[in-house]
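Being a predicted model, the structure only gives us computed values, none of them experimental. Below, chains carry the letters A, B, ... as their sequence lines are ordered, and counting in each starts from 1.
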Protein chains: 2
Amino acid sequence: MAAQPRTNSKKERRQENEKLILAAAEKVFSEAGFGGATMQLIADMAGLPKANLHYYFPTKESLYRQVVENIFQFWLQAADVFDDADDPAEGIGAYIDAKMEISRRHPSGSKVWATEVMHRAPVIQDYLETTLMEWTEGRAAIINRWIAEGRMDPVDPDHLLYMLWATTQHYADFSHQIETLNGGKPLDDAQWEAAKASIKRIILKGIGVTE
Amino acid sequence: MAAQPRTNSKKERRQENEKLILAAAEKVFSEAGFGGATMQLIADMAGLPKANLHYYFPTKESLYRQVVENIFQFWLQAADVFDDADDPAEGIGAYIDAKMEISRRHPSGSKVWATEVMHRAPVIQDYLETTLMEWTEGRAAIINRWIAEGRMDPVDPDHLLYMLWATTQHYADFSHQIETLNGGKPLDDAQWEAAKASIKRIILKGIGVTE
DNA sequence: GTCTATAACCTGATAGAC
DNA sequence: GTCTATCAGGTTATAGAC
């Protein structure tokens with residue numbers, strides 16, 4: 001047989017396969033949970049024999065761990081917009097937009113994250129205690145500074161952050177419920193914009209930065 | 001042996017055992033998911049031999065179904081406060097209080113519900129399409145009436161309801177994360193009150209019914 | 001109605017040929 | 001590096017004694 005164009009080195013091929021497996025795993029874990037997911041199902045979805053999964057990821061748990069860690073890294077990047085603005089309306093508004101965009105584009109990842117936390121974070125407890133704790137404290141400090149400067153109402157920063165996380169992630173984690181209540185159809189572009197606008201309107205007014 | 005006081009009829013005994021099993025099942029399902037939960041673990045937690053579980057509930061799925069249906073019924077009862085008030089501040093405020101109380105008292109149930117919805121509602125899809133849909137439409141109508149009467153800002157009722165669900169249930173579903181960020185301790189009485197007050201303050205002001 | 005012992009099945013993981 | 005065949009362990013569910 002004529003050799004097909006092999007632009008892929010071994011390293012590139014490995015990265016491609018790992019990416020394929022991780023994408024399939026995220027989907028299956030999000031739909032069936034860790035216990036309900038099977039390596040066979042992930043392999044089928046990735047288009048690879050089951051044994052290959054164990055070649056790239058020695059155990060089911062190591063594969064799951066990689067999925068969760070990737071989600072967490074991705075999740076942190078949305079936080080940058082918080083720091084880039086020193087106006088609460090702009091900072092919190094942009095954070096809502098960023099988190100809603102993640103909920104829309106990566107609902108599976110959000111679901112895996114939610115399940116992991118609900119199961120008492122068996123694999124990412126250390127991240128909660130270090131990275132997430134530090135991130136939360138830093139953002140709370142920013143909010144407290146805005147409050148001290150009289151730019152927003154004196155609300156509890158922690159509970160405000162929980163409200164932001166809860167509200168934005170709800171559109172990913174409960175997407176099936178929202179879809180059902182929407183007549184069985186996913187939210188369209190206009191509905192996603194309306195959702196963002198509603199959330200920003202209520203929260204920004206609620207903390208005294210608009211109107 | 002002297003007969004111990006048997007105030008229990010067979011029917012009462014059956015109800016007691018079923019209650020015991022259902023409580024254990026809710027806990028185990030919430031902590032391990034459907035796939036991760038085992039009948040053995042539920043039996044141990046209920047203090048019964050595994051075979052007895054299959055006597056009361058023929059299959060693991062039937063037990064799980066009963067758990068989810070119970071949660072849903074319980075969940076609906078919090079909605080009553082919504083109808084009993086015709087003032088939005090009172091109605092929505094009381095609804096937030098009621099849902100927060102459920103999150104505090106029944107975190108396991110909330111987690112099972114969340115997981116069930118995330119897995120595309122394999123056993124309660126019919127409830128979503130009927131009971132929940134009707135409930136949501138009814139409450140949206142009430143909100144729209146309040147808006148028409150000029151008692152609150154013109155916000156989208158659906159997105160407001162999602163925000164209420166998301167925010168209140170977050171304290172149950174993500175209780176482990178909140179606990180970790182709280183220094184490893186569950187929220188105490190004062191912190192729960194602060195959480196309720198924060199949520200009510202932001203949302204009620206955000207929809208234009210206070211201040 | 002209750003419980004022990006067992007059956008039937010499925011899953012994660014691996015050995016070993018290619 | 002890849003894949004088929006297989007093993008070892010654990011799970012649901014049930015048969016059958018009490």
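Checked for salt-bridge contact, B/K196 and B/E193 meet the test: a charged N lies under 4.0 Å from a carboxylate O. The existence of a salt bridge linking A/D83 and A/R139 is confirmed by a sub-4.0 Å separation between a basic side-chain nitrogen and an acidic carboxylate oxygen. Note on B/K200 versus B/D97: salt bridge recorded, some NZ/NE/NH1/NH2 to OD/OE distance being below 4.0 Å. No salt bridge links A/E31 with A/K111; every basic N to acidic carboxylate O contact stays at or beyond 4.0 Å. Between A/R201 and B/D156, no side-chain nitrogen of the basic residue sits less than 4.0 Å from a carboxylate oxygen of the acidic one, so the salt-bridge criterion is not met.
Nucleotides of DNA chain D that come within less than 4.0 Å of any heavy atom of chain A span, from the 5' end to the 3' end, D/dG1 to D/dT4.
Ring centroids of A/W75 and A/W165 are separated by less than 6.0 Å, placing the two rings close together.
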Check nucleotides 11-13 of chain C for protein N or O atoms closer than 3.5 Å to its own N or O atoms and list the pairs.
from   : atom 1 : to    : atom 2 : distance (Å)
C/dG12 : OP1    : A/A37 : O      : 3.3
C/dG12 : OP1    : A/M39 : N      : 3.4
C/dG12 : OP1    : A/K60 : NZ     : 3.1
C/dG12 : OP2    : A/M39 : N      : 3.1
C/dG12 : N7     : A/K50 : NZ     : 3.2
C/dA13 : OP2    : A/H54 : NE2    : 3.1
C/dA13 : OP2    : A/K60 : N      : 2.7
C/dA13 : N6     : A/K50 : NZ     : 2.8

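Using cut-offs of 30° and 60° on the angle between ring planes, the pair B/Y64 and B/F29 is perpendicular.
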